[in-house]
Amino acid sequence: MIRQVFGPAVAVFIAMSVASHGAEPVFVPIKIDGPVHDPARHTYWFGPFSECASVLDVDGDGDLDIACGRNWYEAPDWKKHTDFRDGAETNGPETDDNSEFAMDVNRDGRTDIVSSGWMFMRGAFWYENPGKGDAKWKATRIHSAENMEGILHGDIDSDGDEDILCNHWAPVSGQGMTWLEHTDKEPWLVEHVIGTAGETHGNGLGDINGDGRTDIVTPTGWYEAPPNPRTEPWTFHPDYRVHRVGEPQRSIAASHPMLVCDVNKDGLNDIIVGASHEYGLAWLEQKRDSDGKRTFITHWIETDFGQFHTMALGDLNGDGQPELVTGKRLFAHHGRDISCYDPLFVFWYDIQGGKFVRHVLSFNHPPWYPGAKNQNPPPNYAIGVGMKLNIADMDKDGDNDVIVTGKSGLYVFYNEGFAPRQPGPIRLPLESTYPNWTPWAKAAKRK
């Protein structure tokens, strides 16, 4: 592994490590939009700006557009359309949009947006794509909550379409683990509450016990899906705990989502989870003994980086296997979290059976000088991973790109293929064109 030290406000687009096959995909970041740096009006390079984005074909032209909070950006030139929907309001330094994704809720062939918020929204809404012009997207409430952390989508009832899983950041009386069944008639989404265990920050979807059904993972255990998840009880298994680095009994807030996949290819699905407001990124290895008892072993991927609030899986290097993409949320809790003033980063990991070889999409260090008056200009390309990232082929070139947004702006990392391994044409001017050049090899012989 090669490590380098870079100065403040310098984005780094090389890998800290090289994949075993030697080739390294090159990702070129393009800034789509960002906050205006105007301190007099209380806007800064670090926000407010929506920390979630969705990828969808808004206008039906066959191109993937990007929705980000109240704005959507029309591909391929990213023309900005403002205030296309309600919700996602600015409130001081924050934006009331802590999760969003694309989904055809009313099955009319046009892709809608589902979004949640924790301040004014206090729950989740779906926004109907009108399919014409710049008409406002109609908002319909689908869930109410006192402390909404976010929403995820997946086929929870195994009927072939996507449902919605809600996440609340802490237990509240009258609130519970909630999923919304996607139906084929109005109101389109039907709420089901399955229990109160695991009701805390972060959850995810995946088949834990290998029965082909979609289970729900939480920071303190997992819910086993019954044959009929709509009417039969779900069983909660407290088989693990997402904990602080070095403190196994100290529960912490998990990433949203937690990811379920077979990391080490042993036939058992494992869990990948980030510490959303502390240090740490880990995978929980599932084990089964001869009696069928299930346990999970925590393997730390990172302990010196923090605020892994969201993550996604996708094939970035073309090997047919999913890679992990994640990174640091910029100024979670408005700078009150531990690690808030550490370097800002976007990483992807070649999982390699549990080795998790780290690669860098972006690395930046907005400096903090305690006790000193900050006279530094806003950094360039300080890219933070907010609360929802996406992996998709945005430019239709056959490989996946990475779309991230955070308080510092909306970016697309375009995957431009593999870096050349053979020597290419020299891009620098010849040494002999410099005015002070001396042919040193010949001069050395004369001595």
Side-chain angles (χ1 to χ4, degrees), residues 3-14 16 29 31 34-39 42-52 90-95 98 118 149 169 201-202 243-247 250 252-256 273-282 300-311 325-348 358 360-389 404-411:
R3 294 183 182 272
Q4 299 187 42
V5 178
F6 299 90
V10 175
V12 179
F13 308 114
I14 61 174
M16 284 186 176
K31 186 174 185 178
V36 177
H37 187 74
D38 187 357
H42 300 291
T43 62
Y44 306 86
W45 69 265
F46 51 87
F49 195 82
S50 176
E51 297 188 72
C52 300
T90 296
N91 186 26
E94 305 288 348
T95 303
N98 61 354
W118 72 98
E149 185 57 34
W169 73 68
H201 190 302
H243 61 83
R244 179 177 287 178
V245 176
E247 299 182 49
R250 183 74 175 268
I252 60 172
S255 57
H256 189 247
V273 60
S276 56
H277 295 287
E278 301 198 28
Y279 288 101
L281 174 68
W300 291 103
I301 304 166
E302 304 282 11
T303 57
D304 294 327
F305 294 101
Q307 293 182 264
F308 294 93
H309 202 286
T310 194
M311 56 186 63
V325 182
T326 185
K328 179 184 174 67
R329 184 182 172 198
L330 175 60
F331 294 154
H333 294 154
H334 199 49
R336 292 179 178 87
D337 278 4
I338 188 172
S339 89
C340 267
Y341 299 97
D342 289 356
L344 192 61
F345 56 86
V346 188
F347 293 158
W348 71 271
R358 184 204 306 137
V360 175
L361 289 173
S362 177
F363 191 88
N364 201 323
H365 195 168
W368 177 59
Y369 299 116
K373 188 174 181 180
N374 188 358
Q375 298 178 341
N376 299 313
N380 292 318
Y381 277 65
I383 305 174
V385 176
M387 304 175 79
K388 170 66 186 303
L389 62 83
V404 301
T405 185
K407 290 186 176 72
S408 61
L410 171 64
Y411 293 81

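Below, all heavy atoms of this structure are taken into account, side chains as well, without hydrogens, waters or symmetry copies.
- The closest donor-acceptor contact from the side chain of Asn364 to the backbone of Asn380 lies under 3.5 Å.
- Of all heavy-atom pairs spanning Gly47 and Pro35, the tightest one is N-CG, 3.7 Å.
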Applying side chain to side chain contact (heavy atoms under 4.5 Å, CB included) to Trp45 and Leu330, what does each step give before you reach the verdict?
CA-CA 11 Å; Trp45 69 265; Leu330 175 60; 3.7 Å; yes
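- In this structure, Ala332 and Cys340 approach most closely via the heavy-atom pair O-SG, 3.6 Å.
- The number of heavy atoms from other shown groups lying within 6.0 Å of NE2 (His37) is above 12.
- To the nearest 0.5 Å, atoms CG (Leu389) and SG (Cys52) are separated by 10.0 Å.
- Tyr44 has its side chain out of reach of Asp38: every pair of non-hydrogen atoms, C-beta onward, lies at least 4.5 Å apart.
- Listed by chain and number, the residues in a side chain to side chain contact (heavy atoms under 4.5 Å, CB included) with Pro48 are Thr43, Thr90, Thr95 (sequence neighbours excluded).
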Full working for side chain to side chain donor-acceptor pair (under 3.5 Å) between Asp342 and Tyr279:
CA-CA 11 Å; Asp342 289 356; Tyr279 288 101; 2.6 Å; yes
Could you walk me through whether His243 and Trp300 satisfy the ring-ring contact (aromatic ring centres under 6.0 Å, His included) test, starting with their C-alpha distance in whole Å, then the side-chain angles of each, then the deciding distance to 0.1 Å, before giving a yes or no?
CA-CA 11 Å; His243 61 83; Trp300 291 103; 5.6 Å; yes
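- In this structure, the side chain of Thr326 does not engage the main chain of Trp348 through any donor-acceptor pair within 3.5 Å.
- Atom-to-atom distance recorded for Phe305:CZ and Phe347:CZ is 4.0 Å, nearest 0.5 angstrom.
- A donor-acceptor pair under 3.5 Å is formed between the side chain of Lys407 and the backbone N or O of Phe331.
- Rounded to the nearest 0.5 Å, atoms OG1 (Thr310) and NZ (Lys328) are 15.0 Å apart.
- Here NE2 of His277 is found 12.5 Å from CZ of Arg336. Values are rounded to the nearest 0.5 Å.
- Side-chain contact, His256 with Glu149: no donor N or O sits under 3.5 Å from an acceptor N or O.
- Atom OG of residue Ser339 and atom CZ of residue Phe308 lie 8.5 Å apart, to the nearest 0.5 angstrom.
- For the side chain to side chain contact (heavy atoms under 4.5 Å, CB included) test, residues two or more places apart in sequence or in another chain that qualify with Arg250 are Arg244, Glu247.
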Report the C-alpha distance between Glu278 and Gln307 in whole Å, list the side-chain angles of each, state the deciding distance to 0.1 Å, and finish with yes or no for side chain to side chain contact (heavy atoms under 4.5 Å, CB included).
CA-CA 6 Å; Glu278 301 198 28; Gln307 293 182 264; over 6 Å; no
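- Closest of all the heavy-atom pairs between Val273 and Ala254 is CG2-CB, 3.7 Å.
- Between Arg329 and Val385 there is no side-chain heavy-atom pair separated by less than 4.5 Å.
- Taking the six-membered ring for Trp and the full ring otherwise, the centers of Phe363 and Phe345 sit at least 6.0 Å from each other.
- For Ser408 (side chain) and Gly34 (main-chain N/O), no donor-acceptor pair under 3.5 Å exists by modelled atom type.
- With rounding to the nearest 0.5 angstrom, the CE atom of Met311 is 3.5 Å from the OG atom of Ser255.
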Report the C-alpha separation of Leu344 and Ile383 in whole Å, then their side-chain angles, then the decisive distance to 0.1 Å, and conclude whether the side chain to side chain contact (heavy atoms under 4.5 Å, CB included) test is met.
CA-CA 7 Å; Leu344 192 61; Ile383 305 174; 5.6 Å; no
